[in-house]
Amino acid sequence: MSGRDAVVVRAPAKINVHLGVGPLRADGFHALTTVYLAVSLHDTVTARPGEGLSLRVTGEGAGAAAGPGLVPADRTNLVWRAAELLAEHAGVRADADLEVAKSIPVAAGLAGGSADAAATLVALDALWGTRAAREDLLRLAAELGSDVPFGLVGGVALGTGRGEQVSPVLATGRWHWVLGIAGEGLSTPAVYGELDRMRADGRVPDVTGPTPAEPVLAALRGGSTAELAAALSNDLQPAALALRPDLRRALRAAGDAGARAALVSGSGPTVAALADDEQSAVRLAAELAGAGVFRTVRAVSGPVPGARPAG
């Protein structure tokens, strides 16, 4: 134990500015090529000394047990699993009082749960004084889930494999977005399953591998909003729209309100609308908040760093 009273870590949400999905692999995952962007919408994980593990969840989606739109405060939460995994790796007792203050909407395709797990690894590494190597934390993160390693890396990164193999990439400038969360959450496995069905019956073209990310990477390097708007892509979007046809109206609303471009982020149902600058994002958010198609609207910017101790 390090003797620290508390460690506070911010966990940023992510959007996928590119998501290429290959065929279903033998291990049950899809081969992915994705470009992650961490944005200024955060949960906060606080770790304090404790006897055994305890977990409290407050804010967006807090619930005592698992259920639609609820975040469990027990060992089924990825945060709890992250704590046990790090303790096992480091050979220490899993003693900590954990608190997750949520602002990232649940089941929204923004990887809030994965970000919380990454922040827990960082917080407990500091609290317990385990001094885990960065490579070890990334390996533990990959065991927890495909999006968890990016929660550690943050910024802008290319994800391959099932998304867990993360490499930082060069990006110029800062990008302004409006996130519109439309209705209830979407199950990620359900969206992938629908994409497989759509490919099998010819509703969308079948593929031999993920869509390449080069156009988005070039736009991020160049810093042009117009180029990035033209390059945004998400192979999961047709499946998300098939399961939630109301998302078509949400995408239209973003375009009508002046977004440079809009796409479903990840498995949805969040619509990420790209704006020219901060003022444009504020105006876009205000208009979309009054459009009646989103339950939550947030103006954000990025890239921002991954999970780091505050102070």
Side-chain angles (χ1 to χ4, degrees), residues 1-14 36 38 40-66 70-104 106 110-155 157 159 163-166 168 304-311:
M1 183 71 71
S2 71
R4 300 184 66 161
D5 292 332
V7 179
V8 180
V9 177
R10 292 207 305 178
K14 63 83 184 167
Y36 296 109
S40 58
L41 174 62
H42 299 86
D43 290 348
T44 302
V45 175
T46 302
R48 299 180 178 89
E51 293 295 325
L53 279 178
S54 63
L55 173 60
R56 186 161 69 99
V57 181
T58 61
E60 177 86 25
L70 295 180
V71 180
D74 56 27
R75 64 179 59 252
T76 63
N77 192 306
L78 209 56
V79 162
W80 194 296
R81 291 170 52 198
E84 291 183 329
L85 194 61
L86 179 61
E88 180 183 358
H89 166 78
V92 301
R93 286 173 52 90
D95 290 337
D97 175 21
L98 297 167
E99 180 181 351
V100 180
K102 291 201 63 64
S103 296
I104 302 172
V106 179
L110 298 172
S114 296
D116 296 342
T120 300
L121 292 175
V122 172
L124 291 179
D125 180 55
L127 183 74
W128 292 339
T130 55
R131 297 183 180 180
R134 185 73 167 169
E135 296 75 16
D136 290 336
L137 288 180
L138 286 167
R139 180 179 56 78
L140 296 176
E143 289 185 40
L144 290 164
S146 299
D147 288 337
V148 182
F150 177 69
L152 293 175
V153 173
E164 87 287 6
Q165 299 170 22
V166 180
V304 301
R308 301 287 188 278

Engineer: Checking Leu121 against Leu85 for the side-chain contact (heavy atoms from CB on, under 4.5 Å) test, could you report, in this order, the C-alpha distance in whole Å, the side-chain angles of both residues, the deciding distance, and whether it holds?
Structural biologist: CA-CA 9 Å; Leu121 292 175; Leu85 194 61; 5.5 Å; no

Engineer: Could you tell me if the side chain of Leu137 sits less than 4.5 Å from the side chain of Leu86, heavy atoms only?
Structural biologist: yes

Engineer: Determine the minimum heavy-atom distance between Asp95 and Glu51, stating which atoms define it.
Structural biologist: OD1-C, 3.8 Å

Engineer: My understanding is that only residues two or more places apart in sequence, or in another chain, count here; which of them pass side-chain contact (heavy atoms from CB on, under 4.5 Å) with Ala96?
Structural biologist: Leu53, Leu98, Leu124, Leu127, Trp128

Engineer: Under the salt bridge (Lys or Arg N to Asp or Glu O under 4.0 Å) test, which residues partner Asp43, sequence neighbours left out?
Structural biologist: Lys102

Engineer: Could you tell me which residues satisfy salt bridge (Lys or Arg N to Asp or Glu O under 4.0 Å) with Glu84, sequence neighbours excluded, listed by chain and number?
Structural biologist: Arg75

Engineer: With sequence neighbours left out, write down each residue that passes side-chain contact (heavy atoms from CB on, under 4.5 Å) with Asp97, or none if nothing qualifies.
Structural biologist: Arg48, Ser54

Engineer: Taking all atoms of both residues into account, what is the closest heavy-atom pair of Val45 and Asp116, and its distance?
Structural biologist: CG2-O, 3.8 Å

Engineer: For Thr46, check side-chain hydrogen bond (donor to acceptor under 3.5 Å, both in side chains) against everything at least two apart and list the hits.
Structural biologist: none

Engineer: Taking only residues two or more places apart in sequence or in another chain, which ones pass side-chain contact (heavy atoms from CB on, under 4.5 Å) with Ala13?
Structural biologist: Val39, Leu41, Ile104, Leu110

Engineer: Minimum heavy-atom separation for Ala118 to Leu152, with atom names?
Structural biologist: O-CD2, 3.6 Å

Engineer: Using salt bridge (Lys or Arg N to Asp or Glu O under 4.0 Å) as the criterion, list what pairs up with Arg308, not counting sequence neighbours.
Structural biologist: none

Engineer: What residues, two or more places apart in sequence or in another chain, satisfy side-chain hydrogen bond (donor to acceptor under 3.5 Å, both in side chains) together with Thr130?
Structural biologist: Asp125

Engineer: Is there any ring pair (Phe, Tyr, Trp, His ring centres under 6.0 Å) pair reaching into residues 74-99, and which pairs are they, with sequence neighbours excluded?
Structural biologist: none

Engineer: If you compare all heavy atoms of Leu144 against all heavy atoms of Leu78, which two are closest, and at what distance to 0.1 Å?
Structural biologist: O-CD1, 3.6 Å

Engineer: Quick one: which residue pairs count as a salt bridge (Lys or Arg N to Asp or Glu O under 4.0 Å) with a foot in residues 126-155, not counting sequence neighbours?
Structural biologist: Arg139-Glu143

Engineer: Under the rule for side-chain contact (heavy atoms from CB on, under 4.5 Å), what residues qualify as partners of Gln165, not counting sequence neighbours?
Structural biologist: Thr160

Engineer: Compare every heavy atom of Ala101 with every heavy atom of Thr58, then report the nearest pair and how far apart it is.
Structural biologist: OG1-CA, 3.5 Å

Engineer: Which heavy atom of Ala83 sits nearest to which heavy atom of Thr120, and what is that distance?
Structural biologist: N-CG2, 4.2 Å

